Each structure stands twice: as structure tokens, then as C-alpha cells.
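All values reported here derive from a predicted model rather than from experimental measurement.
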Amino acid sequence: MSLTKAKFHSGLRPSLAPPGVFFFLLILLSLSTTTTEAGCSFPAIFNFGDSNSETGGFWAAFPAQRAPFGMTYFKKPAGRASDGRAVIDFLAQALGLPFLSPYLQSIGSNFSHGANFATAASTVLLPNTSVFVSGISPFSLAIQFNQMNELRVRVFEMSPQDNLPSKDIFAKALYTFDIGQNDFTCDLATIGIEGDKQFLPQVANQIAWTIKELYNNGGRTFMVFNLAPIGCFPAFLTTLPHNESDLDEYGCMISYNNAVLDYNKLLKETLQQTRSELQNASVIYVDTHSVKLELFQHPKNHGFIYGTKACCGSGGGTYNYNPQVFCGNSKIINGTNVTSSACSDPQNYVSWDGIHATEATNEIIAWAILNGSYFDPPFPLSHLCNLKPIG
């Protein structure tokens, strides 16, 4: 399977697509004539998520991000957990929209084309600990939904303003969800896979509940990204307990990746049920897991050199990841100053810092999403919208 940019133009033919495709097409065509610069019927994106899709929310609340984050595209830290753009940035570009302003950013934000409620370390479920104790963000999905609801209420209360969305935009917008990874991993080392499985249904149900609430507020188009193969992440290969016998031929942990597949199956089934309950709505399951797994397993097939090795890290070796020193930081360990610095060629790495993807990886993931064949139900997004070039 090739994930090159050429794949973006393939897509599924309408005659081969399931009935849900035609319904989604009707939804797009029936939306108001207000369009984005790309000519597509999504004038805004409202994103809910964690560090995989944040554009600066966490760092607006807790200013501390430092170089080398942002080095490739922004040339400085820009609130992304990467050397450059996140997948949500590429999606916005393809739809002809500006990058999403983080909702928590008080200076320079413009929400006229949507908002990003994602913050690093966010969970779906409410955290029972402080960010200063565990590092888990206080801005869980429920809080992000409350922020979205507050934005909507204020828009309807106030007179039109240039930096706020129009009142009719909420029904036409695309709502994206890229969250759940921290729920899956935050206690995994202590409670194990079986302990994790006990509460994962709550995670899927909370996402479904949020979609229903957004639907009640007028939302009609929802895309939910599934979980990545964390068994291939340099950080978890370094920190999660496992035996050599648990590693597959690609160096990924079999048991943890299988657990992710179990959750993704549960999420897909939950969204299918949600879809059946919401009239005139499109609830799309986005299988970014398959894309990321392919890149980890066959990096050289897609222009990379390193799959399960971090670009920004310390220690070198197989994973170049030190859990005591995160990307961009230094620490005295056993009398030695250890610095976690970036490689000079992040375009050759799938993993940026052991947990998050490089911009080069995010671009390929975005191409795959825009192609539309990783959706359930599948639909050729590239055939429905005159998408702008990304890259």
C-alpha cells in the first residue's frame, strides 16, 4: 500500500460507495452557499483533542513551550507538539481556511472560521489529578465542550464581530475529534491492558455523548479519529513493560497494539450506533491508525529512514528517548547534564519526540484523510471539494 501524495487523487468512485456516501454528499450540497476559499461547504472547523491536534491551547494556559518545537515550518515554537504543522493545520489549509486559533489564546485569536479547543495531555474522561502532579491537562473533553458551548452562546448574544463566527456557521462547520490517547496511556504502565479495558467503553460513550450534544446545538458533520498504534511509539517502547517476545517483526509491541485495535473497534461500533440515532447527520470514523501503522512498519516505503526512533530525544540507540528529559529540555542525571535535542533532518523520521509525529508524517496522514478512503462510511472528500494544495 502506498501513502504517497498520488493516493490523494484516487478515492472511491461514487458507484462503489455505500449508501452513507450519497447521504453525506447530499448534506454537503444542501448546506448554505457560504463556502470556504476552497469552494467546499465547510466554512469552519471546531476541533476537540489533545496534543496530536492542538495549536497552542496548552501553551496559552501554561506558557512554557521552547525550541526546537516548530523548527521546520514556523521556525519557532508555535504551540504544536511537532517540528511543524499538525494534521489539523493541513486539513484547514486544504479547505481554504486559516490555521485554527486555540480557544484559550487571549491575544491575536480569530474564531471567524472556527476554534481549536484541544490542549496537550487532554483526556476524554474528567481527570482526577492535577496537571502539576501527573501532567494531565484539566481541559478534558467535557470542558472543551463547555468552552464550545460558551462560544456559541456568546455569538448568539452579541452583535456580529469580525473575529467571531457568524450565527449560522455552527450548522455548516466540520467538527473534528482527535482525543483519547491519554485516557489509554496515562495509567497503562500501572494498571495494565486489562485494567485499561475496564473504562475504555466510558471513553467511547463520552465522545458519542459530546457529538449528540453538538448535534442538539446544530452541528451536523463530525469526524472522529481513532487511536494510533502506541505499541510502535518510541516513548512507550521505552517505558511500558514488555518482553522481547511481545515485539513483532517491525519492533512494535503486539499486546499493546492489539489493545488499541480492541478500543478502535469499540469506538467504531459506538459511532455506528450514534449515526443511526442522529437524523440528517454525518458521523465519520477516521482510521488514521492504519496510516500511522503503515508508516511505522514500512518507513522507507514512504520516504522516511527511521520508524520507531525519535528525532528529538536523547540517548541515541534504537529509540532515542529518555523519559526523564523531554524534547527541548536539559537535566542533570547522575552528575551529567543530559539534553534532549532535535535531529537535523526531521523529514526522515516518523516520530518527532517519541510520542508525537513529525510534520512530514502529519502531512502524509492529512493526504490519506483527504483522500477519503480511510473513512467509515467511506466517501471521496477530494471529489466533493475543490481542495487547496497542502505541503
Give a yes or no on whether a salt bridge exists between E277 and K212, defined as a side-chain N under 4.0 angstrom from a carboxylate O.
-> yes

Which residues pass the side-chain contact (heavy atoms from CB on, under 4.5 Å) test with P229, sequence neighbours left out?
-> C232, N257, H289, K292, L293, F296

Without hydrogens or angle criteria, can the side chains of D83 and T358 be said to hold a donor-acceptor pair below 3.5 Å?
-> no

OG1 of T176 to CZ of F42, rounded to nearest 0.5 Å, is 10.5 Å

Would you verify whether the NZ or CZ of R220 falls within 45 degrees of the ring axis of Y215 while also being under 6.0 Å from that six-membered ring's centre?
-> yes

Report the residue from F48, F46, Y175, Y285 that forms a ring pair (Phe, Tyr, Trp, His ring centres under 6.0 Å) with F222.
-> Y175

Between Y321 and F233, ring centroids under 6.0 Å = no

Give the other cluster members for I254, using side-chain heavy-atom distances under 4.5 Å between Ile, Leu, Val, Met, Phe, Trp and Tyr residues; answer none if it is isolated.
-> none

Pair F304 + H298: ring centers closer than 6.0 Å = no

Strictly by modelled atom types, are Y103 and N116 linked by a side-chain donor-acceptor pair under 3.5 Å?
-> no

To the nearest 0.5 Å, tell me how far L271 CG sits from I207 CD1.
-> 7.0 Å

To the nearest 0.5 Å, atom CG of L200 lies from atom CG of D196 at 5.0 Å

Quick one: do the S122 and D50 side chains pair a donor with an acceptor below 3.5 Å?
-> no

What is the distance from atom CG of N182 to atom CG of D187, rounded to the nearest 0.5 Å?
-> 11.0 Å

Would you please indicate yes or no on a ring centroid separation below 6.0 angstrom for W209 and F145?
-> yes

Quick one: pull up CZ in F99 and CZ in F90 and give me the separation to the nearest 0.5 Å.
-> 7.5 Å

Side-chain donor-acceptor pair under 3.5 Å between Q93 and R85, yes or no?
-> yes

Show your working on side-chain contact (heavy atoms from CB on, under 4.5 Å) between N163 and S112 and close with a plain yes or no.
-> CA-CA 5 Å; N163 65 338; S112 59; 6.0 Å; no

May I ask you to check if R154 and F111 form a cation-pi contact, with NZ or CZ under 6.0 angstrom from the six-membered ring centre and within 45° of the axis?
-> no

If you look only at pairs with a residue in residues 323-361, which of them pass as a disulfide bond (SG atoms under 2.5 Å apart), with sequence neighbours excluded?
-> C311-C343, C312-C327

Begin with the C-alpha distance, continue with both residues' side-chain angles, and end with the deciding distance and a verdict on side chain to side chain donor-acceptor pair (under 3.5 Å) for N149 and N217.
-> CA-CA 8 Å; N149 203 39; N217 286 340; 3.0 Å; yes

Mind checking the CD-CG spacing from E150 to N146? Nearest 0.5 Å is all I need.
-> 9.0 Å

